[in-house]
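Down below is the structure, laid out as structure tokens.
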Amino acid sequence: MSAADRKRLEETTRYDPAEVEARVFAEWIEGGYFHPPAEGTPEENFSVAIPPPNVTGALHMGHALNGSMQDALVRLNRMRGRNSLWILGTDHAGIATQAVVEKALKAEGKTRQELGREAFVERVWEWKAEYGSRIVEQYKRLGASCDYERERFTLDADYVRAVYRVFKQLYDKGYIYRDNYMVNWDPGSRSAISDLEVENREVEDALYSIDYPLEDSDQVLTVATVRPETMLGDTAIAVNPGDPRYADLIGKRCVLPLVGRRLQIYPDEMVDPAFGTGALKITPAHDPKDFEMGRVLGLEEISVIGPDGRMTEEAGEFAGLTAAEARTAVVEALRAEGRLRGEEPYVHSVPFSHRSGERIEPLISLQWFCRMDELAAPAIEVVERDEVRIQPGQWKRVYLDWMREIRPWCVSRQLWWGHRIPVWYCDPCEETIVAEQAPERCGKCGGELRQEEDVLDTWFSSAIWPFATLGWPDETPELRAFYPTSFLTTAREILFLWVARMIMTGIEFAGDVPFRDVYVHSVIQARDGRRMSKSLGTGIDPLDEIDVHGADALRFGLLAMSSTQDVRFSDAKVEQGRDLANKLWNASRLILLNAAPVEPAPRPLHVEDRWILSRLEQTILSVTEKLETYDFAHAVQEAYSFFWRDLCDWYLEIVKPRLYDGEEEVSATLLYALERVLALLHPVMPFVSEEIWSFHPAHQGHLVVHPFPVADEALRDAAAEEDVESGIELTQKLRAWRDLAGVPAAAVLAATTDGVEPPEFVARLSRFEFDGVGSEPVASIGPVRVLASEQLDGEAVAARLAKRREELQAEVERGERKLGNEGFVAKAPAEVVEEERGKLERYRSELAELG
RNA sequence: GGGCGCGUAGCUCAGUGGGAGAGCGCUCGCUUCACACGCGAGAGGUCGCUGGUUCGAAACCAGCCGUGCCCACCA
């Protein structure tokens, strides 16, 4: 060690992550450790495709947890010498990004329509150039060992090519089609969205009963609805065929109030006679269920609400009103005509846009869809056969249940930012051309072509992330070396949105599953148990945590608090991580500044050496196994406990004298243990471990590529473990006795031992002297007889012991009295009696131990 | 409506058939030559409730209460 290094170690009594992290990270980048060559096979290599964060995004706690898990496994495998690639990149995030830029425009008093499509998209690219790398920089702060030289973006030219190839092939297979169909219309983003982007919320509405007069009759049929404004588009009525009230009305017609349209009354099993009035109005253009019914019956579809959320010309006098305004107006008009029979409060679940937060308007519109059943079939099989293992196990079933019920996917979005759908129309001859590259002219009539205005759902491009990032559709070396990837960690909320779709496209286009393992991690909630969210103000910024406690602390904390169930964010766990980093630093200082200049090697001389080596190898075995099975919480806590309790609290304290003496054997053993502990912890706490490693005498290259320790079974020693652990136990008893007896901390007490001599360290660590001179034994603790001596203030001890004896005596008497009461013994539950007996036993034995 | 999960120490969470645990917090004692982000010693729990299975249940089963999430086209 250089004099400068030694000085730094001597003077730095506190580990300072802020000083270390940027410097160490730069060394890793400079070393090129994160940029593996595209060589070898996927079986030999290790690869992970990061769930691409939104380009608009900032690192949140979910990213930090997910990143900590991925990085732990990537680093572990890199240290094992595997060619390890962690692909990183960002998602163009259509709606979110467009919204951000539109907001900026609005601040300038402009709209995207004023700008025009081309200029707007240009503007978004400018935004991306300026802010798009923010989240990538934030991953670096976390210490993520991604390949920053292979960063990808879902709108890169090559990526677009892959998206178009996929679209074209799906179209050619007949999976992709265009249809006028009912979609979830999001008035907020003015676009259709998929079923998965809809969330249902409980809302209190009113349930209105409206009288529909029967044609050529003075009878009325009363229907119940929560959306009276849509009645203007009614084209039929349905009743349950088994409902005796309406049996004779089936086939007859009603007259639609306000409009006058004639509505046929149909029988339908779906109608619940017990709900409302048992009669259901059918509005095929504005209700998904009515839509389906309408298609079956061939009903007219009359759209009375337009994409702008306002009433259309079809709504007659109500045209131009918003849907909400129209509701009030229609109700008023019905009331005026005496058609409103009733109105009652009604709580039901209503679809809202996950993106804009606005209430979904089910509308019929011309959209592009992708049929999913054929793609789903093999994706179901691979999971059934565990070729893709989804863990924890309950998610496998959730996945399968959803996949088996999968429905067509609406892939078109009425946005400008995204992959513009590769379809061209020729208006004169009505030809539709789907192509990977823009065709010059119509192949049929030579006419001008017009490209589809819509873009693809963002998730359409994310679905091909694991292979598109590796260069697909080209046969690249990266694809050959790293596909399929090794595993995926994910939040469960994107299991369907993303994971399922990757499995489907992977099989279809890349010829294999995209990953072997899917680990669904827990959700870190806010401190109060609420969801962490920016809009609720409950988010905790991982970067703040890194600033204050260091990246290693946050990584350790997140892994420690994660489990299979959702957990609240725990500051204490992050602080535990911070304390661990500091403890590592200081224990290392002790070893590195005092060890004799020797090769690190296990060189056990005494039982404690055999013990710590045995514990070390056991810990390596167990921690490694837990990391490999995604049991991060137990892995890090076990490593923590070994290091802090076994190594620091006991072993270092036991061997300090030997270390200060410059003993070679203990120096070698300590350097060996330190090397292995640093390597073992590196996947979880990369910065502090790398920093300390730079001071280790065996240090040559960086720890990031140092071999990961493999447990050495030859060093396991059950007998040594037993001996030392009983010595530890005795030490603790002796210390407890001292404390109880009020002996000053520094006093060394005289004692003798009875029978087998305990290990040497017991006397030293409990500040006893077993061959000490004394007179009367005043107490016995296990094999140890404490002797009255000069060091022991006989009076103080006697006083303390007497006081304690009194307390115990009182407890014993109380117990004896209780157990002597026949009523209690006979009538009280047996366990209460037993507990009382146990208590009595304990008090009695403690009394005996005090002597 | 269906499904999944959770309820264990003051707090956050482990433990899933045989002696109730961790971290934090709390109490007491330590400026012991790595670390006060430290060291030593403690206190603290009817393991949601009720019933069942078992020699034995925090753990398995049933019901109930509380709580969270996912899926679902009953107006």
Side-chain angles (χ1 to χ4, degrees), chain A residues 9-10 12-15 182 195-196 199-200 205 207-208 223-227 230 238 270-272 274-283 287-293 346 348-349 351 362 392 394-395 397-398 401-402 405 492-493 495-496 522-523 525 527 529-531 549-550 553 557 560-573 575-594 633-634 637-638 640-641 644-645 648-649 652-653 656 659-660 731-733 735-740 742-746 765-767 829 831-832 835 838:
Chain A
L9 265 190
E10 276 168 355
T12 313
T13 59
R14 199 146 159 171
Y15 174 67
M182 174 142 294
D195 295 342
L196 288 173
E199 64 178 70
N200 291 301
D205 277 329
L207 182 66
Y208 299 92
V223 303
T225 181
V226 290
R227 301 206 58 192
T230 66
M270 289 294 284
V271 180
D272 177 2
F275 186 90
T277 59
L280 177 64
K281 70 186 199 61
I282 306 295
T283 319
D287 181 275
K289 184 178 160 188
D290 293 5
F291 173 79
E292 274 179 29
M293 211 181 278
Y346 181 61
H348 63 146
S349 73
Q394 68 258 33
W395 299 107
R397 235 191 69 201
V398 172
D401 287 348
W402 184 78
E405 300 279 314
R492 59 175 164 266
E493 64 196 30
L495 189 61
F496 308 141
S522 55
V523 175
Q525 301 165 331
R527 292 180 249 260
R530 284 191 295 169
R531 203 185 150 67
H549 301 303
M561 72 183 89
S562 76
S563 76
T564 53
Q565 68 160 315
D566 294 352
V567 288
R568 298 175 185 206
F569 183 81
S570 163
D571 297 286
K573 286 284 193 295
E575 284 160 18
Q576 191 182 353
R578 175 204 60 189
D579 294 351
L580 175 59
N582 188 243
K583 188 82 169 172
L584 267 172
W585 175 257
N586 279 295
S588 302
R589 287 173 62 228
L590 173 68
I591 296 169
L592 296 171
L593 290 170
N594 293 287
H634 291 111
Q637 302 198 76
E638 188 165 337
Y640 172 92
S641 161
W644 203 299
R645 301 265 88 88
C648 293
D649 287 353
L652 286 178
E653 294 304 327
K656 260 182 192 172
L659 181 63
Y660 289 142
T731 305
Q732 288 175 319
K733 274 191 179 169
R735 285 167 170 174
W737 183 88
R738 292 175 60 108
D739 213 53
L740 195 66
V743 177
L765 296 187
S766 57
R767 290 179 188 263
E831 60 263 31
V832 176
E835 197 180 329

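We name chains A, B, ... by the order of the sequence lines, and we start the count at 1 in each one.
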Please give, in whole Å, the distance from B:A75 P to A:Asn200 CG? 10 Å
What nucleic acid atoms does A:Val398 come within less than 4.0 Å of, heavy atoms only: base, sugar-phosphate, or nothing? nothing
Taking B:C64 as the reference, what is the distance to B:G21 when you measure between their P atoms (whole Å, please)? 34 Å
Nearest whole Å is fine: how far is B:C69 C1' from A:Leu495 CG? 14 Å
Hey, does A:Asp272 reach any base, or is it just sugar-phosphate, or nothing, if we go heavy atoms under 4.0 Å? base
State whether the side chain of A:Arg767 and the backbone N or O of A:Arg738 hold a donor-acceptor pair below 3.5 Å, judged by distance alone. no
Looking at the side chain of A:Lys289, which of B:C30, B:C73, B:G15 is the nearest nucleotide? B:C73
Given the P atoms of B:U54 and B:G40, what is the spacing between them in whole Å? 47 Å
Over all strands shown, is A:Lys656 touching base, sugar-phosphate only, or nothing at heavy-atom distances under 4.0 angstrom? base
Starting at atom CG of A:Asp649, determine the distance to atom P of B:G40, rounded to an integer number of angstrom. 4 Å
Nearest-Å distance once atom C1' is located in both B:C4 and B:A72: 15 Å
Can you tell me if A:Thr731 uses its side chain to pair, donor with acceptor, with the backbone of A:Ser766 under 3.5 Å? no
Please state the C1' separation for the pair B:C69 and B:G63 - nearest whole angstrom. 23 Å
Looking only at atom types and distance, does a side-chain atom of A:Arg589 sit under 3.5 Å from a main-chain N or O of A:Thr12, one as donor and one as acceptor? yes
What is the nucleic acid contact for A:Ala736, judged by heavy atoms within less than 4.0 Å: base, sugar-phosphate only, or nothing? sugar-phosphate
Measure from the side-chain heavy atoms of A:Ala572 and tell me the nearest of B:C73, B:A75, B:C24. B:C24
With sugar-phosphate meaning primed atoms plus P, OP1 and OP2, does A:Glu405 contact a base, only sugar-phosphate, or nothing at under 4.0 Å between heavy atoms? nothing
Using a 4.0 Å heavy-atom cut-off across all strands, classify A:His549 as base, sugar-phosphate, or nothing. nothing
State whether A:Thr13 places a side-chain N or O below 4.0 Å from either non-bridging phosphate oxygen (OP1 or OP2) of B:C35. no
Of A:Thr225 and A:Leu590, the one whose closest nucleotide on RNA chain B sits nearer the 5' end is A:Leu590
Counting side-chain heavy atoms from C-beta on, which of B:A75, B:U32, B:C35 comes nearest to A:Phe275? B:A75
Rounded to whole angstroms, how far apart are CZ on A:Arg738 and P on B:A41? 12 Å
In whole Å, measure the gap between the C1' atoms of B:C73 and B:G15 for me. 44 Å
Judged by each residue's nearest nucleotide on RNA chain B, which is more toward the 5′ side, A:Asp566 or A:Asn594? A:Asp566
Using the C1' atom as the reference point in each nucleotide, state the distance between B:A41 and B:G18 in Å, no decimals. 30 Å
For the side chain of A:Trp644, counting heavy atoms from C-beta on, which of B:A75, B:C6, B:G38 is nearest? B:G38
Hey, does the side chain of A:Arg735 reach the backbone of A:Leu765 with a donor-acceptor pair shorter than 3.5 angstrom? yes
Considering every strand and a 4.0 Å limit on heavy-atom distances, what is the contact class for A:Phe291: base, sugar-phosphate, or nothing? nothing
What does A:Arg227 touch in the nucleic acid at a heavy-atom separation under 4.0 angstrom: a base, only the sugar-phosphate, or nothing? nothing
note: A:Leu592, atom CG; B:C35, atom P; distance rounded to Å ~ 14 Å
For B:C4, take OP1 and OP2 only and decide whether either is under 4.0 Å from a side-chain N or O of A:Arg397. yes
How long is the line joining NZ of A:Lys573 and P of B:C13, in whole Å? 9 Å
Between A:Gln637 and B:C13, is there a contact of a side-chain N or O with OP1 or OP2 at under 4.0 Å? no
Name the nucleic acid region contacted by A:Ser641, choosing base, sugar-phosphate or nothing; use a 4.0 angstrom heavy-atom cut-off, strictly under. nothing
Inter-nucleotide P distance (B:C49, B:A59), Å rounded: 10 Å
With a cut-off of less than 4.0 Å, is there a side-chain N or O of A:Arg645 near OP1 or OP2 of B:G23? yes
CD of A:Glu575 versus P of B:G25: gap in Å, rounded? 8 Å
What's A:Arg735 touching, base or sugar-phosphate or nothing? Going by heavy atoms closer than 4.0 Å. sugar-phosphate
Figure out the CD/C1' separation between A:Glu653 and B:C39, and round it to whole Å. 8 Å
For A:Trp737 and B:G40, is the shortest distance between a side-chain N/O and OP1 or OP2 below 4.0 Å? no
So, do A:Gln637 and A:Lys573 sit near enough that their side-chain heavy atoms are less than 4.5 Å apart? yes
Mind checking the C1' distance from B:C55 to B:C65? Whole angstroms is fine. 31 Å
Angle class for the A:Tyr15/A:Trp585 ring planes (parallel below 30°, perpendicular above 60°, tilted otherwise)? tilted
Just to confirm, is there a sub-4.0 Å distance from OP1 or OP2 of B:A75 to any side-chain nitrogen or oxygen of A:Tyr346? yes
Please check if the side chain of A:Asp287 supplies one atom and the backbone of A:Pro362 the other of a donor-acceptor pair under 3.5 Å. no
With sequence neighbours excluded, what pairs up with A:Glu10 under the salt bridge (charged side-chain N to carboxylate O under 4.0 Å, His left out) test? A:Arg6
Across the strands shown, which category fits A:Gln732 at heavy-atom distances under 4.0 angstrom: base, sugar-phosphate, nothing? sugar-phosphate
So, do A:Asp579 and A:Trp644 sit near enough that their side-chain heavy atoms are less than 4.5 Å apart? yes
Could you please name the option among B:C13, B:C4, B:A75 that lies closest to any side-chain atom of A:Ser563? B:C13
With a non-hydrogen cut-off below 4.0 angstrom, is A:Arg530 in contact with a base, only sugar-phosphate, or nothing? nothing
